[in-house]
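Down below is the structure, laid out as structure tokens.
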Amino acid sequence: MSSVEPSHGIVLFGGGGDLALRMLFPSLAFLECEALLPPGMPVLAAGRSPMDEAAFRALVRADLEQRAPDTVVKGAADRLLQRVHYLATDATRPEDIERLGKRMQELGIVRPVFYLAVSPSLYSPICQGLLEAGLTRDPARVVMEKPIGKDLQSSRAINEIVAAAFSEDRVFRIDHYLGKETVQNLIALRFANTLFEPLWNNLTIDHVQITVAETQGVGDRWPYYDEYGAMGDMVQNHMMQLLCLVAMEPPADLQPDSVRNEKVKVLRSLRPITRADVQQFVVRGQYGPGMSGGRPVRGYAEEKGSPSETETFVAIQAHIDNWRWAGVPFFLRTGKRLPDRDTEIYIQFKPVPHSIFSGESRQDLSPNNLLIRLQPEEDIVLRVMNQAPGLSLEGMRLESLPLSLSLKKAHSARRRIAYERLLLDALNGNSTLFVRRDEIEEAWEWVDGVNDAWRKSGFSPKAYPAGSWGPAGAFALIERTGRAWHDD
Ligand code: BG6
């Protein structure tokens with residue numbers, strides 16, 4: 001270990017797990033490559049499997065070679081691997097946490113970032129154990145993945161225990177969507193341009209759609225998924241965060257609390273969905289057998305091996321009851337085993353108040369829209385009306401053309417892993433892109449209300465074939481407002 005900056009260190013619970021191998025070590029290798037990590041910083045992985053350090057490094061190396069094959073990154077990965085350590089740990093046993101503390105001392109880690117890449121059921125015991133072992137004092141920080149709880153009550157219970165161990169400014173709750181470049185671009189688009197903000201309200205915007213469509217199924221993740229469904233797995237966190245960033249008021253600055261205060265206000269303004277309107281505003285579905293990527297795939301219940309009431313698809317019409325957004329519906333839609341992988345925020349503006357065009361050109365006229373696409377490619381496209389070139393007896397014709405900010409074309413750089421930004425910010429103590437306790441709890445409160453209304457109504461999720469865009473009701477939900485899902 002280098003002696004330059006010996007005090008920083010990441011202590012990674014779940015060090016040999018899927019998240020660590022797939023996302024965290026590659027992110028650290030890329031950060032090392034760009035000299036963004038504190039020099040000489042050790043990474044102490046704690047995992048359940050008995051393994052020595054050499055075997056653990058070989059495991060991480062094998063994965064890194066697959067995910068970051070580039071030779072420059074390989075050099076950085078080699079440097080990083082020399083500083084990767086491993087300790088077989090049962091995080092629920094106090095004696096193991098003691099040993100972990102000793103190992104941290106040996107490695108000179110006095111500014112630890114405890115990263116909990118483990119099942120959420122371990123968050124409380126780990127924080128409790130670290131507290132009892134005296135390892136949580138300032139400047140120690142904790143990073144936690146979603147989901148934090150499965151409803152408001154369980155989320156509060158976890159947050160209480162975490163709060164007893166770490167002050168809120170040292171708690172970093174990850175929503176990896178906030179680490180995606182396009183999500184940060186949304187902040188830049190809104191607040192680094194004068195162009196959009198005056199239009200960003202119910203006078204000019206007709207409605208907003210947020211879609212997170214995935215082609216993959218739940219597969220062997222069902223023991224986790226069956227408890228959360230699409231509401232707990234995607235809506236409560238990723239979709240609520242996207243909604244907040246679209247709808248929030250301009251913060252005074254980018255300080256963590258300035259941004260998070262504005263997001264909380266949006267969550268508080270979300271209109272509760274009650275039993276009386278759940279049928280109108282919420283559609284739930286569960287994929288059955290069908291086709292995905294040209295091959296037959298099993299339905300969710302077959303993957304699970306028994307029938308289930310868990311939704312793998314949800315479409316919601318939400319409303320934000322404040323001055324800016326009164327009357328503007330926000331349509332949210334997410335699902336597994338849909339035809340395309342597509343994550344986007346679509347903002348449709350109102351039609352021009354009066355058309356000076358007549359005949360066919362009047363019919364050509366369509367409202368402007370702004371598409372912020374996160375996946376599969378990162379792209380921002382504003383569609384504007386233009387005069388179609390050419391002559392016709394009818395006179396002027398119009399067409400809608402895209403003004404595109406294709407991020408791939410604009411920056412030839414590789415696409416970053418969302419965790420790079422988040423790991424860097426957690427190490428630097430910047431929590432702007434992390435979720436504060438009250439945000440999580442407000443989001444749960446709203447989601448609990450929807451789940452509760454749904455449960456009381458006695459509906460079951462509607463079946464949809466794998467490879468389709470969800471149950472027919474999802475189309476009816478938006479079409480009865482005179483609108484349609486964006487689909488190009
Ligand atoms: C995770 C969910 O948080 O996000 C998964 O648990 C989902 O079910 C994933 O597939 C989607 O993330 P991304 O970055 O691939 O859109």
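For ligands, and for the atoms within them, numbers begin at 1 and follow the listed sequence. Nothing here was measured: the structure is a model prediction, and the numbers come from that model.
Shortest contact from atom 12 (O) of ligand 1 to any protein heavy atom: His176 NE2, 3.2 Å. Of the protein's non-hydrogen atoms, Arg341 NH2, 3.0 Å is the one closest to atom 15 (O) of ligand 1.
Within ligand 1, counting atoms from 1 as listed, the ones closer than 4.0 Å to a heavy atom of His238 are 1 (C), 3 (O), 4 (O). Residue Lys180 approaches ligand 1 through these ligand atoms, each under 4.0 Å from one of its heavy atoms: 13 (P), 14 (O), 16 (O). Annotation for ligand 1: atoms under 4.0 Å from non-hydrogen atoms of Lys336 are 5 (C), 7 (C), 8 (O), 10 (O). Listed by number with element, the atoms of ligand 1 under 4.0 Å from a non-hydrogen atom of Asp233 are 2 (C), 5 (C), 6 (O), 8 (O). Those atoms of ligand 1 with a heavy atom of Gln216 less than 4.0 angstrom away are 10 (O). Ligand 1 places these atoms under 4.0 Å from at least one heavy atom of Gln375: 13 (P), 14 (O), 16 (O).
Looking only at atom types and distance, the side chain of Asn159 has a donor-acceptor partner in the side chain of Glu441 under 3.5 Å away.
Heavy atoms of Tyr177 approach ligand 1 to within less than 4.0 angstrom.
Results of the side-chain contact (heavy atoms from CB on, under 4.5 Å) test with Gln317 over Leu332, Thr481, Asp277 single out Thr481 as the only residue that passes.
Centroid-to-centroid, the aromatic rings of Phe281 and His319 come within less than 6.0 Å.
For ligand 1, the polar-atom distance check against Glu214 finds a nitrogen or oxygen pair separated by under 3.5 Å. Geometrically, ligand 1 and Lys146 share a nitrogen or oxygen pair separated by less than 3.5 Å.
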For this session: Take Trp222 and Tyr300 through the test ring pair (Phe, Tyr, Trp, His ring centres under 6.0 Å) and record every step on the way to the result.
Result: CA-CA 8 Å; Trp222 68 261; Tyr300 176 70; 7.9 Å; no

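Aromatic ring orientation, Tyr419 versus Tyr115: tilted (interplanar angle from 30° to 60°).
Counting heavy-atom neighbours within 6.0 Å of Asp220 CG, excluding the residue itself, gives a total of 12 or less.
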